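Note that this is a predicted model, so its numbers are computed, not measured. Letters A, B, ... are given to chains in the order of the sequence lines, protein chains preceding strands, and every chain is numbered from 1. Keep in mind that the numbers below use all heavy atoms, side chains included, and drop hydrogens, waters and symmetry copies.
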Amino acid sequence: MGLAIKVFNQFHHPNVHLYNTLIRAHAQNSQPFSAFSVFCDMQNSGLFPDNFTYPFLLKSFSGQSWLKEVQMIHTHVEKFGLCSDIFVPNALIDSYCKCGYSGVNAARKLFATMGKRDIVSWNSMIGGLVKGGELTEARRLFDEMPERDSVSWNTMLDVYVKAGDINAAFEFFERIPERNVVSWSTMVLGFCKAGDMDMARILFDNMPVKNLVPWTILISGYAEKGLAKEAVGLYNQMEEVGLAPDEGAIVSILAACAGSGLLGLGKRVHASIRRTRNKFSILVGNALVDMYAKCGSLEKAFSIFNDMEKRDVVSWNAMLQGLAMHGCGERALHLFTRMIEKGVSPDKVTLVAVLCACTHAGLTEKGLNYFYTMERDYGVVPQVEHYGCMIDLLGRGGRLKEAFDLVRAMSMEPNAIIWGTLLGACRMHNDVELAEEVLDRLVKLEPSDPGNFSMLSNIYAAARDWDNVASARLKMKSMGVEKPSGASSIEVENEVHEFTVFDDSHRESDKIYQMINGLGDHLKQEGYMPKTCY
DNA sequence: CTAGGGTTAG
């Protein structure tokens, strides 16, 4: 690329073709800023962009949400009458659809006024609607379109998957005239999302052709659900068939590991990165920082964070969040100060992390102060997540009434997390009366979640109100769902061992319990009194 | 133009 630019600069009067080539090269290297600056140079030198310039330029924007720039190009294109070529409006539709809600609306308007449409115009428009969550309209357009290719069918399959209707998705999948690797992958993803890992595996095993994407989907699917054995096994299998994870696979698998604490697999992926490349992108760096931080290896996360050549706000957020969630509130706040000193603008996620840090460090006053000054100091308007942090901060501090007042003072509708947080605080401080009131609201939002009643039953238990404990338990049973028991797992030499409560299925179970009891005795000798009443 | 991908409160 550097050489290409050097050669380009030797031309005294580059023509439109040369400019286009350079813009396309920047697009291929995901350099939107460079592409745009070449475009500006081109205009400054008095040349008029043509039918090729705009699609290339728009292509370089992918990954950005540059609504204004897309609108600007749209205006240009209309002024010069370049919409006659179908490639230009098609590229505009696609770019608009990557700019969120208002972008999709602009795309829709453009699509409606197009005199000529090809299959790509329809596919782009439908794909945009799917991204915008407008599934019903996407479906309508699919039914309306004059002809369909495999992209159309796959997009429509994605509609069913996104709608969460796995049965309808599978029926549709079977009706697709020519299924390709994308159709199969979408279906595997659908089963992963539906929690049916057996079906996901069957589909995966029966795929006529595979690439890295279905491997990634299934490994991430296992990892996300904490199925360490399956995830590691499949990752090994992938390496055995000679596939190395690309950036997409790395980021996806690391994210799944972060979500469920699979440090072992995360380390494997990290090792593979170190083996195969000498540097990595911000995306991969952030995924690594987040994975190590969430898995509890804070020092490892810090060392990667510090070694990163470039950091963006997400890098800082991941590190801050990691420190905050592991109780290192003071360290998180110190890092936040460093972030401000470096001139990085905090965003809404940063402030969630900061407030969370105050909560976990017991810094109630400091948290309140950040909350009330965040808009003035950092331009971040408090949103429902920030209120959630404050409810937790006040609630844990025993200031239940203030927490409840804050919920009522919120400008937005409190969601289930808000009420759930408050319920947790009631449990912590044994406030039965408030708990009943809070549960009332919570049930309206999450009527089928038995966890809420489990929480209430614990509150009654703490107050020794056994009649109500019984009725809460009964309510849980009648909902047909037992609270699933949690499991923990450790990995020893690439083998995963899983444990649940009262579990004696492990082959070395006797030894393990011996060790646990021994530890308990030691703790008691040191004066530790276990708290059994939760 | 379609499938996987970084940070968000219980």
Could one point to a donor on the side chain of [X] or the base of [N] with an acceptor on the other under 3.5 Å away?
{"X": "A/Asn180", "N": "B/dA3", "answer": "no"}
{"X": "A/Asp246", "N": "B/dG5", "answer": "no"}
{"X": "A/Thr216", "N": "B/dG4", "answer": "yes"}
{"X": "A/Ser185", "N": "B/dA3", "answer": "yes"}

> How would you list all residue pairs meeting salt bridge (Lys or Arg N to Asp or Glu O under 4.0 Å) that involve residues 175-192 of chain A, not counting sequence neighbours?
Replying inline: none
Indicate, with a heavy-atom threshold strictly under 4.0 Å, whether [X] touches base, sugar-phosphate, or nothing.
{"X": "A/Lys193", "result": "nothing"}
{"X": "A/Leu423", "result": "nothing"}
{"X": "A/Gln383", "result": "nothing"}
{"X": "A/Lys294", "result": "sugar-phosphate"}
{"X": "A/Ser220", "result": "nothing"}

> Taking the side chain of A/Glu247 as heavy atoms from C-beta outward, which of B/dG5, B/dC1, B/dA9 is closest to it?
Replying inline: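 The listed nucleotide nearest to A/Glu247's side chain is B/dG5.
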>> Using the side-chain heavy atoms of A/Leu212, tell me which of these nucleotides is nearest: B/dT2, B/dG4, B/dA3.
In response: B/dG4
>> Would you say the ring centers of A/Tyr378 and A/Tyr370 fall short of 6.0 Å from each other?
In response: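 When the ring centroids of A/Tyr378 and A/Tyr370 are compared, they turn out to be at least 6.0 Å apart.
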>> Side-chain N or O of A/Lys131 versus OP1/OP2 of B/dT2: is the shortest distance under 4.0 Å?
In response: yes
> Any side-chain N or O of A/Lys210 under 4.0 Å from OP1/OP2 of B/dG4?
Replying inline: no
> Only one of A/Trp153, A/Phe191, A/Tyr160, A/Trp184 clears ring-ring contact (aromatic ring centres under 6.0 Å, His included) with A/Phe173; which?
Replying inline: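 It is A/Trp184, the one option of A/Trp153, A/Phe191, A/Tyr160, A/Trp184 that forms the ring-ring contact (aromatic ring centres under 6.0 Å, His included) with A/Phe173.
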>> Which residues pass the side chain to side chain donor-acceptor pair (under 3.5 Å) test with A/Glu137, not counting sequence neighbours?
In response: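 Per chain and number, A/Glu137 pairs via side chain to side chain donor-acceptor pair (under 3.5 Å) with A/Arg108.
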